[in-house]
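Before any comments, here is the structure.
In what follows, chains are A, B, ... by sequence order, proteins preceding strands, each numbered from 1.
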4 protein chains.
Amino acid sequence: MTADPETKLRADARRNRDQIIAAAKEMFAAQGPDVPMEEIARRAGVGVGTLYRRFPDREALIRAVAQHNFALVLEEARAAAREEPSAWQALVRLLRQSRELRLSVQLALVSPLAWTILRNDAKTQEFRDAILDVLDGIVRTAQQDGTLRTDIGTGDVAVLVSLLLRRIPFAPDEDLLLDRALTLILDGLSARQGSPLPGAPTSAFDLMRAKHSRKEAPPGCA
Amino acid sequence: MTADPETKLRADARRNRDQIIAAAKEMFAAQGPDVPMEEIARRAGVGVGTLYRRFPDREALIRAVAQHNFALVLEEARAAAREEPSAWQALVRLLRQSRELRLSVQLALVSPLAWTILRNDAKTQEFRDAILDVLDGIVRTAQQDGTLRTDIGTGDVAVLVSLLLRRIPFAPDEDLLLDRALTLILDGLSARQGSPLPGAPTSAFDLMRAKHSRKEAPPGCA
Amino acid sequence: MTADPETKLRADARRNRDQIIAAAKEMFAAQGPDVPMEEIARRAGVGVGTLYRRFPDREALIRAVAQHNFALVLEEARAAAREEPSAWQALVRLLRQSRELRLSVQLALVSPLAWTILRNDAKTQEFRDAILDVLDGIVRTAQQDGTLRTDIGTGDVAVLVSLLLRRIPFAPDEDLLLDRALTLILDGLSARQGSPLPGAPTSAFDLMRAKHSRKEAPPGCA
Amino acid sequence: MTADPETKLRADARRNRDQIIAAAKEMFAAQGPDVPMEEIARRAGVGVGTLYRRFPDREALIRAVAQHNFALVLEEARAAAREEPSAWQALVRLLRQSRELRLSVQLALVSPLAWTILRNDAKTQEFRDAILDVLDGIVRTAQQDGTLRTDIGTGDVAVLVSLLLRRIPFAPDEDLLLDRALTLILDGLSARQGSPLPGAPTSAFDLMRAKHSRKEAPPGCA
DNA sequence: CATGAATGAGTCTTCATTCAT
DNA sequence: CATGAATGAAGACTCATTCAT
């Protein structure tokens, strides 16, 4: 639909671009978003010059990596909605898959720098909204099916997703731990029960609202 | 009970030390653990030299801030265990309070650098273990009271705590959202119900195990 | 025959490298081995960055300068051995030339820092040994010719060489003074006479032995 | 004769002063004249404040250490002249002793910084001249005795002394090596023989001349 | 007076970005 | 168009010196 930079590139140039994004993704994951540009270039097997030709500065690279990741998540979400027999199962898969995407996504969430950059990036927001859209469909259907509590909204689910994307400090066997946490959370989501929740169901729109307050630093920034 | 470096310091030196930690805490929170040392010094109202006299390098400062924060959390946990009428309520308070400590704690969790530093810091580990100890008492009591699921362990609860310590990307009204998430999670923890969980209850000890594998980089590091 | 780092460099890079070494040599001589890197860079007509690209730190630069100098001395020694009609004359020329190399060599001998660095540098040791080798040939021949005392060894001569490499404090007309000292010393070396010497002739090997005790600080270090 | 700062000091203050000079002498010898002032203070067992009360800055400390050392050398020279049966033997002892004073003196000769400071220090010059004076007496007498070559002057001897004050780079068994070198040099000095020397005998005055060109940087300085 | 805390200027070193080859 | 060399600004850290306790 959109993706200009991905089209119209000579084969080799295209390959370079992909290698750079892959390299950056790994290094961002491992060392945070301030790894030296030169190291990214080296890992990608190109010179710095080439990197800079493709991405004019670090911000552009961060944006590109984030978009790339969000696109994968969106793909996954659509596949879940499409392929799973029930909305609840789609939800389960989504939460679980998201966790698997953790390693590639979290990079973008980790640093206040990246945070600010992405908050102001239109394309990233579009992806996010598209993902929320898909999630919204799943949530509503699950609630109609009677499998999901009706006192919650898509936003609430999104929040839980985002929590599950993080690393656990110092933990051995992180995967199993997160798997168990996921199950506990799903139990909290199921229709069977109900502590009263504070506030009103948080809609997808509530989260999208965020984009109206562009240019803001993350809360807590000086 | 308290650490050595905190005692036996001339009055003014002591005050400086405190101001530096406070300043670092805020700036780490706002900008991540790589804010210029000079800015921290400025915010603390001292010269860089003073900062370096007290903390020989950035690592030492990060450690000090982390220890300071963990001490607060431990204090809170003990207060909750002591003052609340039931273990369940202690647990609820703990989860909620921890969330309030979020801003000060997360700083330490955010960067791969900080991660590695703290993973290898003995004093930090001691604090963590002490906190897990308190939590362990609460969890066992709540399970005996029949308010907490018995197929989970202290470690599982700790994981949920740590998840709730994070920021939510792009979210407006973060506090309300996390409050709702907390409630959902508590519902998942309550004794009323039970999806089968993968693995066995994760004990406090399971998490403490981590300390045996010192010196390791965070998983994902190259 | 020549070192690796000197080859395969783009023409301009190579020129820069040479200029940096020349500049460092002069400034080390004039101000000691702790002149600001930036001044060296300025004198070489490059930015600091360039200097650091070529020599990762001060130590590397010191090593490079020392190797460069030792290579010159070795060249000189070989020329003397090759071109002079007698071994004695080669010896005289060597002692005299060495004195001329004083300005460039002494820099490396002056500071405890440089001392330690070079003592642990393999390439520097190789050069030193090669020089001793040439000297050894000259010494033995001169002794067979009956022009050089036979109760001394190559090491003894080397010691005298190294003494003549130094500056004389506060002296006006340093060159003439050293020239006279050199003559006096040569008189002491000539076969004509002989006070008994303490110990046995010091061989080249005796000096090379030093390399077995690597990593040692200069005698006198705390 | 002169020494004001050494008089009129309370006993403890005096002891402090001595300890500081001793500490500085050792550290200058071991690490060069730019060791941190604080380390000198620590080794002397006093606070920096005390050090600075006694010596307003590094230069003053360097001067004090140098004067202290020169005073020792002067003492030695006088003792040699007074106690030895012949001038030649006094000369031998002087050269040998000087070598023993090496460790304490060389510190002052090592760095271009110290060099410049001392060259401009009147008291240091006085000491040097007094030493040359004593040496001059010895030299003249030895020449009259017919034991010392007459084509050399006191300055020539002084140059040889100063050469023997240095360290030998990388050498094992430095002491024996210098002992042998000393003997060779003495052989060059003895009256028995005579290569023609360049220039004229260098008098003590020739060396003293240096003080007329105050404020000059060491030859070779930028 | 002694002490050691505070200050800040001075260096080293790194890295984003530009540009010649 | 790719490369990697050059640049210089920015930040870490040290240490001489001053000054409050």
Side-chain angles (χ1 to χ4, degrees), chain A residues 9-10 12-13 16 20 34-42 44-61, chain B residues 8-17 20 34-42 44-61, chain C residues 9-17 20 34-42 44-61, chain D residues 9-10 12-13 16 34-42 44-61:
Chain A
L9 274 176
R10 262 179 20 201
D12 57 341
N16 272 348
I20 291 170
D34 27 345
V35 266
M37 296 294 263
E38 197 148 358
E39 304 232 319
I40 297 174
R42 178 158 353 114
V46 302
V48 243
T50 307
L51 194 166
Y52 272 93
R53 162 173 304 275
R54 228 43 92 192
F55 307 96
D57 56 18
R58 178 182 296 277
E59 238 189 79
L61 180 56
Chain B
K8 65 189 171 202
L9 270 177
R10 241 168 53 183
D12 56 342
R14 179 58 202 274
R15 187 160 31 73
N16 275 343
R17 199 193 131 91
I20 290 170
D34 29 343
V35 263
M37 294 295 261
E38 193 150 0
E39 304 232 317
I40 297 174
R42 178 169 28 254
V46 303
V48 242
T50 303
L51 195 167
Y52 275 96
R53 161 179 286 271
R54 226 45 85 188
F55 307 96
D57 55 17
R58 179 182 296 277
E59 240 189 76
L61 181 56
Chain C
L9 271 178
R10 242 167 52 183
D12 54 343
R14 181 58 202 275
R15 188 162 29 74
N16 275 342
R17 198 193 133 90
I20 290 170
D34 28 342
V35 263
M37 295 295 261
E38 193 150 2
E39 304 232 317
I40 297 174
R42 177 167 32 253
V46 303
V48 241
T50 304
L51 194 167
Y52 274 94
R53 161 179 288 271
R54 226 45 85 185
F55 307 96
D57 54 18
R58 180 181 295 277
E59 238 189 78
L61 181 56
Chain D
L9 272 176
R10 263 182 16 206
D12 57 339
N16 273 347
D34 28 343
V35 266
M37 295 295 262
E38 196 150 359
E39 304 231 319
I40 297 174
R42 180 158 351 116
V46 304
V48 242
T50 305
L51 194 165
Y52 272 92
R53 162 173 303 276
R54 230 40 93 191
F55 306 96
D57 56 17
R58 179 182 295 276
E59 238 189 78
L61 181 57

Review point. Between E/dT21 atom P and C/Arg14 atom CZ, what is the distance in whole Å?
Key: 18 Å
Review point. Within less than 4.0 Å of OP1 or OP2 of F/dT7, is there a side-chain N or O belonging to C/Thr50?
Key: yes
Exercise for review: Take the protein atom CZ of B/Phe55 and the nucleotide atom C1' of E/dA5, then report the distance between them rounded to whole Å.
Suggested key: 14 Å
Review point. Could you state the CG-P distance from C/Asp34 to E/dG10, rounded to the nearest angstrom?
Key: 16 Å
Revision key, fill the gap. Assert: residue with more 5' nearest nucleotide on DNA chain F, out of D/Pro36 and A/Gly47, is A/Gly47
Check your understanding: Whole-Å distance between F/dC15 C1' and B/Leu51 CG?
Key -> 16 Å
Review point. Considering only heavy atoms from C-beta outward, does the side chain of B/Met37 approach that of B/Tyr52 to under 4.5 Å?
Key: yes
Where do N or O atoms of nucleotides 17-19 of chain F meet protein N or O atoms at under 3.5 Å, pair by pair?
| unit_1 | atom_1 | unit_2 | atom_2 | d |
| --- | --- | --- | --- | --- |
| F/dT17 | OP2 | D/Tyr52 | OH | 3.1 |

Check your understanding: For D/Asn16 and E/dA2, is the shortest distance between a side-chain N/O and OP1 or OP2 below 4.0 Å?
Key -> yes
Review point. Just how far, in rounded Å, is P of E/dT14 from CZ of C/Arg54?
Key: 15 Å
Exercise for review: Please determine if a side-chain N or O atom of A/Arg53 lies less than 4.0 Å away from the OP1 or OP2 oxygen of F/dA2.
Suggested key: yes
Review point. Between CZ of B/Arg53 and CZ of B/Arg17, what distance do you get to the nearest 0.5 Å?
Key: 13.5 Å
Revision key, fill the gap. A/Ile20 and A/Ala44 have their tightest heavy-atom pair at CA-CB, 3.8 Å
Exercise for review: Figure out the CZ/P separation between D/Arg42 and F/dC15, and round it to whole Å.
Suggested key: 11 Å
Check your understanding: What is the minimum heavy-atom distance between A/Leu51 and A/Val46, and which atoms define it?
Key -> N-CG2, 4.5 Å
Review point. In whole angstroms, how far is the C1' atom of E/dT3 from the CD1 atom of D/Ile40?
Key: 17 Å
Practice item. Answer yes or no: is there a donor N or O on one side and an acceptor on the other, between the side chain of C/Arg58 and the main chain of C/Val35, under 3.5 Å? Key: yes
Check your understanding: Which dot-bracket notation, 5' to 3', represents the base pairing of DNA chain F when pairs are defined as Watson-Crick or G-U with both distances under 3.5 Å, crossing pairs as [ ], and inter-strand pairs as |?
Key -> .||||||||||||||||||||
Check your understanding: Starting at CD of A/Glu39 and ending at C1' of E/dT14, how long is that distance when rounded to a whole Å?
Key -> 11 Å
Review point. So how far is it from B/Ile40 CD1 to B/Glu38 CD, rounded to the nearest 0.5 Å?
Key: 11.0 Å
